[in-house]
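All figures in this text were calculated on a predicted structure; none of them were measured in a lab.
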Amino acid sequence: MNASDLLKYQMNDAGYQLGQVLKDVRDADLDFRISGDSMSMRQTVGHLSDAYLAMIASLEGRKYDWGSYVPPTDAGELLKACFDLRDQAVNKILGAGTDEALQGGSQYIVAHDFYHVGQLAATRIASEPGWDAYSIYQMG
């Protein structure tokens, strides 16, 4: 397995976990916060979208203004936009085939997504007792 294949596997795994942690999330829980300093799931999804846009801009040789993304307020549109932007970023990374793109994919997609999957899972556990935290893993 080469670096590109490994990165593709890791980005797919992170995407699966992200999808699972947000699967069937209740609209009312999107704004729940574990503490006053933590991000809600809605804020986290917006932040992830911002990161995907930054990755795309970087690969296109553009400077990105972090925090400029205004996510949709509708829950369905919010999640769809996030995953659409993620797909665009992943496709650009894999299509570029450069060391810079691979490093960006490792930082902006793999490490960053997994970091926030943990936060999203903790928030979901707190807001929805009984939610199966193990459902984020691909078993088998």
Side-chain angles (χ1 to χ4, degrees):
M1 179 180 287
N2 63 34
S4 182
D5 291 338
L6 178 59
L7 180 64
K8 182 177 180 180
Y9 172 82
Q10 291 174 321
M11 288 190 296
N12 286 340
D13 191 36
Y16 179 84
Q17 288 190 21
L18 186 61
Q20 289 299 110
V21 78
L22 293 167
K23 181 180 178 183
D24 300 324
V25 68
R26 300 178 302 205
D27 290 0
D29 290 336
L30 284 173
D31 295 309
F32 178 83
R33 295 169 135 199
I34 291 175
S35 71
D37 293 333
S38 66
M39 287 194 290
S40 68
M41 286 187 271
R42 180 183 308 278
Q43 290 170 314
T44 302
V45 170
H47 168 71
L48 287 168
S49 297
D50 212 28
Y52 305 141
L53 286 166
M55 182 75 249
I56 293 166
S58 174
L59 290 172
E60 293 176 349
R62 297 183 289 110
K63 182 170 172 29
Y64 183 71
D65 183 20
W66 277 93
S68 63
Y69 178 69
V70 179
T73 55
D74 175 78
E77 291 175 18
L78 171 77
L79 297 175
K80 181 180 180 335
C82 179
F83 284 99
D84 286 349
L85 289 169
R86 187 183 192 282
D87 287 345
Q88 289 173 36
V90 166
N91 289 333
K92 277 213 175 282
I93 289 163
L94 295 174
T98 64
D99 288 351
E100 176 188 16
L102 295 177
Q103 290 168 348
S106 178
Q107 294 170 343
Y108 282 83
I109 307 295
V110 176
H112 194 239
D113 279 3
F114 279 134
Y115 173 80
H116 286 295
V117 163
Q119 291 178 327
L120 289 164
T123 303
R124 185 133 186 212
I125 290 165
S127 68
E128 188 180 333
W131 175 72
D132 180 12
Y134 292 104
S135 68
I136 68 170
Y137 298 109
Q138 299 184 67
M139 301 293 186

Quiz prompt | Asp13 and Gln138: CA distance, side-chain angles, deciding distance, side-chain hydrogen bond (donor to acceptor under 3.5 Å, both in side chains) verdict | solution = CA-CA 8 Å; Asp13 191 36; Gln138 299 184 67; 3.1 Å; yes
Practice problem: Mark yes when over 12 heavy atoms from residues, nucleotides or ligands other than Asp99 sit less than 6.0 Å from its CG; otherwise mark no. | Solution: no
Quiz item: Is there side-chain contact between Ser40 and Thr123, with at least one heavy-atom pair below 4.5 Å?
Solution: no
Practice problem: Any chance you could measure Ser58, atom OG, to Lys63, atom NZ, to the nearest 0.5 Å? | Solution: 11.0 Å
Exercise. Enter the distance from Tyr52:OH to Asp87:CG here, rounded to the nearest 0.5 Å.
Key: 9.5 Å
Quiz item: Among Leu79, Val25, Leu78, whose side chain to side chain contact (heavy atoms under 4.5 Å, CB included) with Arg42 holds?
Solution: Leu78
Quiz item: Would Leu18 and Tyr134 show up in the same hydrophobic cluster when neighbours are defined by side-chain heavy atoms closer than 4.5 Å?
Solution: yes
Exercise. Over all heavy atoms of both residues, which pair between Leu48 and His116 is shortest? Give the atoms and the distance, please.
Key: CD2-CD2, 3.9 Å
Quiz item: Can you tell me if OH on Tyr9 sees more than 12 non-hydrogen neighbours from other groups inside 6.0 Å?
Solution: no
Quiz item: Are Met41 and Ser127 close enough that some pair of their side-chain heavy atoms sits under 4.5 Å apart?
Solution: yes
Quiz item: Cluster question for you: counting only ILVMFWY and a side-chain heavy-atom cut-off of under 4.5 Å, with indirect links fine, are Leu120 and Ile125 together?
Solution: yes
Quiz item: Just wondering, are more than 12 heavy atoms of other shown residues or ligands nearer than 6.0 Å to OH in Tyr137?
Solution: no
Quiz prompt | Pair Val21-Trp131, side chain to side chain contact (heavy atoms under 4.5 Å, CB included): steps then yes or no | solution = CA-CA 10 Å; Val21 78; Trp131 175 72; 3.7 Å; yes
Exercise. Measure the spacing between CG of Leu7 and CG of Leu94 and express it to the nearest 0.5 Å.
Key: 6.5 Å
Self-check item: OG1-CZ distance between Thr44 and Arg33, expressed to the nearest 0.5 angstrom
Solution: 9.5 Å
Quiz item: Once you round to the nearest 0.5 Å, how far does CD1 of Ile93 lie from CD of Gln88?
Solution: 11.5 Å
Quiz item: Relative to the ring of Tyr108, is the ring of Trp66 parallel (under 30°), tilted (30 to 60°) or perpendicular (over 60°)?
Solution: parallel
Quiz item: Nearest heavy-atom pair of Ala75 and Leu30: which atoms, and what distance?
Solution: CB-CD1, 3.4 Å
Quiz prompt | Value rounded to 0.5 Å, distance of CD in Gln43 from CG in Asp31 | solution = 7.5 Å
Quiz item: What pair of heavy atoms forms the shortest contact from Ile109 to Ala89, and how long is it?
Solution: CD1-CB, 4.1 Å
Quiz item: Is the number of heavy atoms from other residues, nucleotides or ligands under 6.0 Å of Glu100 CD greater than 12?
Solution: no
Quiz prompt | Co-membership, hydrophobic cluster, residues Leu22 and Met39, 4.5 Å side-chain | solution = no
Quiz prompt | Residue pair Phe114 / Gln17, side-chain heavy-atom distance below 4.5 Å | solution = yes
Quiz item: Is it true that Val117 and Phe32 fall in one hydrophobic cluster, defined by side-chain heavy atoms closer than 4.5 Å?
Solution: no
Quiz item: What are the two closest heavy atoms between Met55 and Gly105, and how far apart are they?
Solution: SD-N, 4.1 Å
Quiz item: With a 4.5 Å heavy-atom cut-off, do Ile56 and Tyr64 have their side chains touching?
Solution: no
Practice problem: Considering non-hydrogen atoms only, spot the tightest contact between Cys82 and Val45 and give its length. | Solution: CB-CG1, 3.5 Å
Exercise. Using a 4.5 Å cut-off on heavy atoms from C-beta on, say whether the side chain of Lys8 contacts that of Met1.
Key: no
Quiz item: Can you name the closest pair of heavy atoms from Ala14 and Asp113 and give their distance?
Solution: CB-CB, 3.9 Å
